[in-house]
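Since the structure comes first, as structure tokens, the remarks are kept for the end.
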Amino acid sequence: WGHAISKDLVRWHQLDEAIEPDKLGTIFSGSAVVDEQNTSGFGSDGKPPLVCIYTAAGGTSKESTGQRFTQCLAYSLDGTTFTKFAGNPALPHQIVNNRDPKVIWYAPAKRWIMALYLDGHRYGFFGSPDLKSWSKLSDIEIAGAAECPDFFELPLDGKAPKWVFWTAPGLYRVGSFDGTTFSPETPALKSNWGNTSYAAQTFFNDPKGRRIQIA
């Protein structure tokens, strides 16, 4: 993984690479969370760890020949240097080239939720109490979509919030989420008509309460 830092999400400063390929595979996309409650146990001296959840793309390098796609962890206590979890992979191979884990904290159930691309137009939800052990929860399909899910809750003026499941080509569905299953209320909706917006991800902890998307 590359590594860049910013104070405003507009101007960026490039740092050294953060996560290097290994025998499990090259490093495909994923997401990162601040484990405020140190559920993973990676924190130290009161510092919550920054935990990256990424796809180790087995079989895409000479070193990883014979390996499959799995989901792995790396953590940091200073935001600069990262250590891979000794127990990788955290989520073993599920199907075909499963990849691109998006992880969020779901407070009502006090567990982490992972949205993961599986195959075709199908994605899966997984749950974990500690980021290190995961169990399958449910599936969701997005017609015409593939890869790089994003999953987030959005407030609505004067109404109950809705959940949004976003996909790499910008197709998304709106619905509700009970901590296990996403229940869509719309078909796949198109978000853009250009050709340069792909694999968008959102930031959920903006100081002003905004949800900011970077494609």
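All residue numbers refer to positions in the sequence shown, counting from 1. Basis for what follows: all heavy atoms, side chains included, without hydrogens, waters or symmetry-related copies. The shown structure was predicted, so the numbers you read here are calculated from the model rather than taken from an experiment.
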Query raised in the report: Hey, are the side chains of Val33 and Trp105 touching, using non-hydrogen atoms and a 4.5 Å cut-off?
Result: no
Query raised in the report: Given the rule that I, L, V, M, F, W and Y join up when any side-chain heavy atoms are under 4.5 Å apart, are Leu116 and Phe85 in one cluster?
Result: yes
Query raised in the report: Got a second to check how far Phe151's CZ is from Ile104's CD1, nearest 0.5 Å?
Result: 5.5 Å
Requested in this report: List the steps, then state whether side chain to side chain contact (heavy atoms under 4.5 Å, CB included) holds for Lys102 with Met114.
Outcome: CA-CA 5 Å; Lys102 175 58 185 278; Met114 176 193 295; over 6 Å; no
Query raised in the report: Are Glu147 and Arg99 ion-paired here, with the side-chain N under 4.0 Å from a carboxylate O?
Result: yes
Query raised in the report: Do Tyr123 and Val96 belong together in a cluster built from hydrophobic side chains that touch within less than 4.5 Å?
Result: no
Requested in this report: Mind checking the CD1-CZ spacing from Ile5 to Arg11? Nearest 0.5 Å is all I need.
Outcome: 13.5 Å
Query - Derivation of the salt bridge (Lys or Arg N to Asp or Glu O under 4.0 Å) call for Glu185 and Lys162 - result: CA-CA 10 Å; Glu185 301 168 6; Lys162 295 291 186 180; 2.9 Å; yes
Query raised in the report: Taking C-beta and beyond as the side chain, do Leu50 and Tyr75 meet within less than 4.5 Å on heavy atoms?
Result: no
Query raised in the report: Side chains of Ile113 and Val103: does their closest heavy-atom pair fall under 4.5 Å?
Result: no
Requested in this report: Answer yes or no: is there a side-chain heavy-atom contact under 4.5 Å between Phe125 and Ile140?
Outcome: yes
Query raised in the report: Nearest heavy-atom pair of Ser191 and Gly170: which atoms, and what distance?
Result: OG-O, 2.7 Å
Query raised in the report: Below 4.5 Å, heavy atoms only, C-beta onward: do Asn88 and Leu24 meet side chain to side chain?
Result: yes
Query raised in the report: Has the side chain of Ser76 got a donor or acceptor atom that lies under 3.5 Å from a matching backbone atom of Thr81?
Result: yes
**Report entry** No-hydrogen, no-angle side-chain donor-acceptor test under 3.5 Å, Ser176 and Trp163
**Finding:** no
Query raised in the report: How long is the gap from CD1 on Ile19 to OG1 on Thr26, to the nearest 0.5 Å?
Result: 12.5 Å
Query raised in the report: For residues Gln71 and Thr55, is any side-chain donor paired with an opposing acceptor at under 3.5 Å?
Result: yes
Query raised in the report: Quick check: does any side chain N or O of Ser128 sit under 3.5 Å from a backbone N or O of Ser133, one acting as donor and the other as acceptor?
Result: yes
Query raised in the report: Do side-chain atoms of His3 reach the backbone of Glu17 as a donor and acceptor pair under 3.5 angstrom?
Result: no
Query raised in the report: Could you give the distance from OG1 (Thr70) to CG (Leu91), rounded to the nearest 0.5 Å?
Result: 8.0 Å
**Report entry** Lys47: side chain to side chain contact (heavy atoms under 4.5 Å, CB included) partners, not counting sequence neighbours
**Finding:** none
Query - With Ser6 via side chain to side chain donor-acceptor pair (under 3.5 Å) - residues at least two apart - result: Asp8
Report summary line: Quick note, salt bridge (Lys or Arg N to Asp or Glu O under 4.0 Å) partners involving residues 60-85, not counting sequence neighbours, are Asp22-Lys84
**Report entry** Gap between atom CD1 of Ile142 and atom CG of Leu171 - 0.5 Å precision
**Finding:** 8.0 Å
Query raised in the report: Can you check whether Tyr117's main-chain N or O pairs, donor with acceptor, with Asp100's side chain at less than 3.5 Å?
Result: no
Query raised in the report: Is there a side-chain contact between Gln94 and Pro92 (heavy atoms, below 4.5 Å)?
Result: yes
**Report entry** Atom of Trp12, atom of Leu9 and distance for their closest heavy-atom approach
**Finding:** NE1-O, 3.2 Å
Requested in this report: Find out whether Ser64 and Pro21 are in side-chain contact, i.e. whether some heavy atom of one side chain is under 4.5 Å from a heavy atom of the other.
Outcome: no
Query raised in the report: Can Asn98 and His93 be said to form a side chain to side chain contact (heavy atoms under 4.5 Å, CB included), step by step?
Result: CA-CA 7 Å; Asn98 51 183; His93 178 260; 3.7 Å; yes
Query raised in the report: Minimum heavy-atom separation for Pro169 to Ala146, with atom names?
Result: CD-O, 3.6 Å
Query raised in the report: Just checking, any donor-acceptor pair under 3.5 angstrom between side chains of Arg211 and Thr202?
Result: yes
Query raised in the report: Between CD1 of Ile53 and SG of Cys72, what distance do you get to the nearest 0.5 Å?
Result: 11.0 Å
Query raised in the report: Which heavy-atom pair separates Ala200 from Trp166 by the least distance, and what is that distance?
Result: CB-NE1, 3.9 Å
Query raised in the report: With a 3.5 Å cut-off and no angle check, do the side chains of Ser40 and Asp35 form a donor-acceptor pair?
Result: yes
**Report entry** Nearest non-hydrogen partners of Gly30 and Trp1, listed with the distance
**Finding:** N-CZ2, 3.6 Å
**Report entry** Linked, directly or transitively: Val174 and Leu154 (ILVMFWY side chains, under 4.5 Å)
**Finding:** yes
Query raised in the report: Going hydrophobic residue to hydrophobic residue with side-chain gaps under 4.5 angstrom, can you get from Trp112 over to Tyr54?
Result: no
Query raised in the report: Counting only N and O atoms by type, is there a donor-acceptor contact under 3.5 Å from the side chain of Asn38 to the main-chain atoms of Pro48?
Result: no
Query raised in the report: Any side-chain donor paired with an acceptor under 3.5 Å for Ser138 and Thr180?
Result: no
Query raised in the report: What closest approach, in Å, do Leu77 and Ser44 show between heavy atoms, and which atom pair accounts for it?
Result: CD1-CB, 3.6 Å
Query raised in the report: Parallel under 30°, tilted from 30 to 60°, perpendicular over 60°: which one fits the rings of Phe182 and Phe165?
Result: tilted
Query raised in the report: Looking only at atom types and distance, does a side-chain atom of Arg122 sit under 3.5 Å from a main-chain N or O of Glu141, one as donor and one as acceptor?
Result: no
Query raised in the report: Is it true that atom NZ of Lys136 has more than 12 heavy atoms of other residues, nucleotides or ligands lying nearer than 6.0 Å?
Result: yes
Report task. Taking the six-membered ring of Phe42 (Phe, Tyr or Trp), confirm whether the NZ or CZ of Lys132 is under 6.0 Å from its centre and within 45° of its axis. Result -> yes
Report task. Compare all side-chain heavy atoms of Tyr172 with those of Asp150 and state whether any distance is below 4.5 angstrom. Result -> no
Requested in this report: Output yes when a side-chain donor or acceptor of Ser31 lies under 3.5 Å from a complementary backbone atom of Pro101, and no otherwise.
Outcome: yes
